[in-house]
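Reminder, nothing fancy here: chain letters follow the sequence lines and each chain counts from 1. FYI, side chains are in, hydrogens and waters are out, and symmetry mates aren't considered; it's all heavy atoms of this structure.
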Amino acid sequence: MPSIISIQNLSKTYASGFTALKTINLDIERGEIFALLGPNGAGKTTLIGIICGILNASTGSVTVGGHDIGRDFRAARSMIGLVPQELTTDAFESVWDTVSFSRGLFGKPKNPAHIEKVLKDLSLWDKKDNKIRTLSGGMKRRVLIAKALSHEPKVLFLDEPTAGVDVELRKDMWQVVRDLRASGVTIILTTHYIEEAEDMADRIGVISKGEIILVEQKAELMRKLGKKQLVLHLQQPLVEIPPDIFGRANLTLGDGGKELTFTYDTQGERTGVTRLLTDLNRLDIRLRDLETKQSSLEEIFIGLVSDNERAAAGAQS
Amino acid sequence: MNGRAILAIYKFEMARTLRTIWQSIVSPVISTSLYFVVFGAAIGSRITEIEGIPYGAFIVPGLIMLTLLTQSTMNASFGIYFPRFTGTIYEILSAPVSAFEIACGYVGAAATKSVILGLVILATSWLFVPIQILHPFWMIGFLILTAVTFSLFGFIIGIWADGFEQLQIIPLLIITPLTFLGGTFYSTHVLPPLWQKIALFNPVVYLISGFRWSFFEVADVTPAISLGMTLVFLLVCLAVVWWIFRTGYRLKK
């Protein structure tokens, strides 16, 4: 798939000397939902800020739809809609006026039908004449999304779009995002709710300490780094793991000897589950129940970031 | 050129004026009327005329200029400072809009408000004193040029300011005193020779003098110099605004 955003050797060092981004290279594919994950202060918002024109890069280049964000900023920015992390709205404007203002700012002719559709999709239609200051936090977040969609962007940045939004609103928002993706809009999102990224994203990028440490198709990432566990609930507790059982190194005993957990590689052609069950039968270890567990994206993410932080600490010492 | 963006910013700012009409229009008109009562009627009854012009009429251009300078500066500075303060500036910075277009929107709206205000004050002063305008074309020209120049100046202050106090400092502590000392209520010719020379370092003297000339053909300095000085200040402000957007000073980290 061709890339719609291409980031080459991008870095950002603030006047204070703090390096927020170190040589970022990243391509965002047209029409995908790309989740950028990282702990607080990892550089997510800085990266988005540079692409959208809010911050200046120290080095490197970015193109959006083939347009350089510096030399050809009009064409590049026209393609982008940005939903910022902070709830920054014009308190005294009405919802309709502020969304219409955004469309004008991006040089688009008036299109009340489009504004109406956006407001209806985001369940804001009945609030269109309300002053923004009278809205709840979740509604203000929707207004920001409506503003970003007012000029029909080809690329939508959602920086923590569901922060402070209740479950019902969140579901609606993600439906809007799915519909946008279906209409061909490329979506880049950051979120602290990793289960949302797991649910929504096509690809995952992990950023830590200003570096992209991994970019992978979500399914591939889960397959490569996800561990699977077979948890066996035993009828009689074991004192220790039998020495002659298959896969002893990958077995752990818990719950007072009543729970035997086997961790195996999902990528391997032979997981060893059959041999383990055969051995249990041979050793006359009877099961009360069994279940399988797969590590979540959150566990993978935490593992990746901690590994990176350990590596960085090791390099410094 | 993103004309729609300029129009969007312009309309947004003008809508803000309508929302705050008491502060934006009514309050300055009341203040100016009070100046007429105090200086025109109370004090003016003892000063019959200056340079052949009735005192009440003589102060009209100065009073319009006083309001024009302070309001242009305050309107434009607040217009750009408020989005910085609330964070909504992100939208302006991420839009396909050039620095020139952003400045056009904000400065255009601030200057429009000031010109309207100047004309309202002119109309109000007609209620107090008979006024003649010998050069209406130049009067409108000076009015617009000064409004645009000081709106640009206000725009710079709005970007420079780091708090509401700084936003107020320049209009209150610099522009208002300079306007009072720049011949709003008197001709600099009535000053002692040394103070006449010192007054020439006050840029507002040139603005009031040129504006007053358009009314009465009476001036402290020749109109060409007034026009030249206003244009110089305009160019300086334009250069500073261009530099701000080129470097992202106080706008982009």
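In terms of heavy-atom pairs under 4.5 Å with chain B, the best-connected choice from A:L82, A:D90, A:L105 is A:L105. Chain B forms the most heavy-atom pairs under 4.5 Å with one residue out of A:H151, A:K147, A:K110, A:E86, and that residue is A:K147. Most heavy-atom pairs under 4.5 Å with chain A: of the set B:A15, B:A5, B:G3, B:P83, this distinction falls to B:A5.
Within the 4.5 Å cutoff, the side chain of A:L144 has heavy atoms near those of the B:Y90 side chain. Side-chain atoms of B:S98 and A:R74, non-hydrogen and from C-beta on, do get closer than 4.5 Å to each other. For the pair B:F12/A:E93, a side-chain contact is recorded, criterion being any heavy-atom separation below 4.5 Å from C-beta on.
More than 12 heavy atoms of other residues, nucleotides or ligands sit less than 6.0 Å from atom CH2 of A:W96. Heavy atoms of other residues, nucleotides or ligands lying less than 6.0 angstrom from NZ of A:K131 number more than 12. Counting non-hydrogen atoms of other residues, nucleotides and ligands closer than 6.0 Å to NZ of A:K117 gives a total of 12 or fewer.
Interface residue A:K108: only backbone heavy atoms are found under 4.5 Å from chain B. Only the backbone of A:T89 comes within less than 4.5 Å of a heavy atom of chain B; no side-chain atom from C-beta onward does. Neither the backbone nor the side chain of B:I6 comes within contact range of chain A, judged by heavy atoms closer than 4.5 Å. Contacts between A:S102 and chain B at a heavy-atom distance below 4.5 Å involve backbone atoms as well as side-chain atoms. There is no contact between B:L7 and chain A, counting heavy-atom distances below 4.5 Å.
Remark: the backbone N or O of A:G104 is not paired with any side-chain donor or acceptor of B:R4 at under 3.5 angstrom.
Of all non-hydrogen atoms in A:F73 and B:P96, the two that sit nearest each other are CE1-C, 4.1 Å.
The structure places OG of A:S150 at 7.0 Å from CD of B:E91, a figure rounded to the nearest 0.5 Å. The structure places CG of B:N2 at 9.5 Å from CZ of A:F106, a figure rounded to the nearest 0.5 Å.
The side-chain contact (heavy atoms from CB on, under 4.5 Å) test with B:S94 singles out one residue from A:I54, A:I48, A:I51, and that residue is A:I54.
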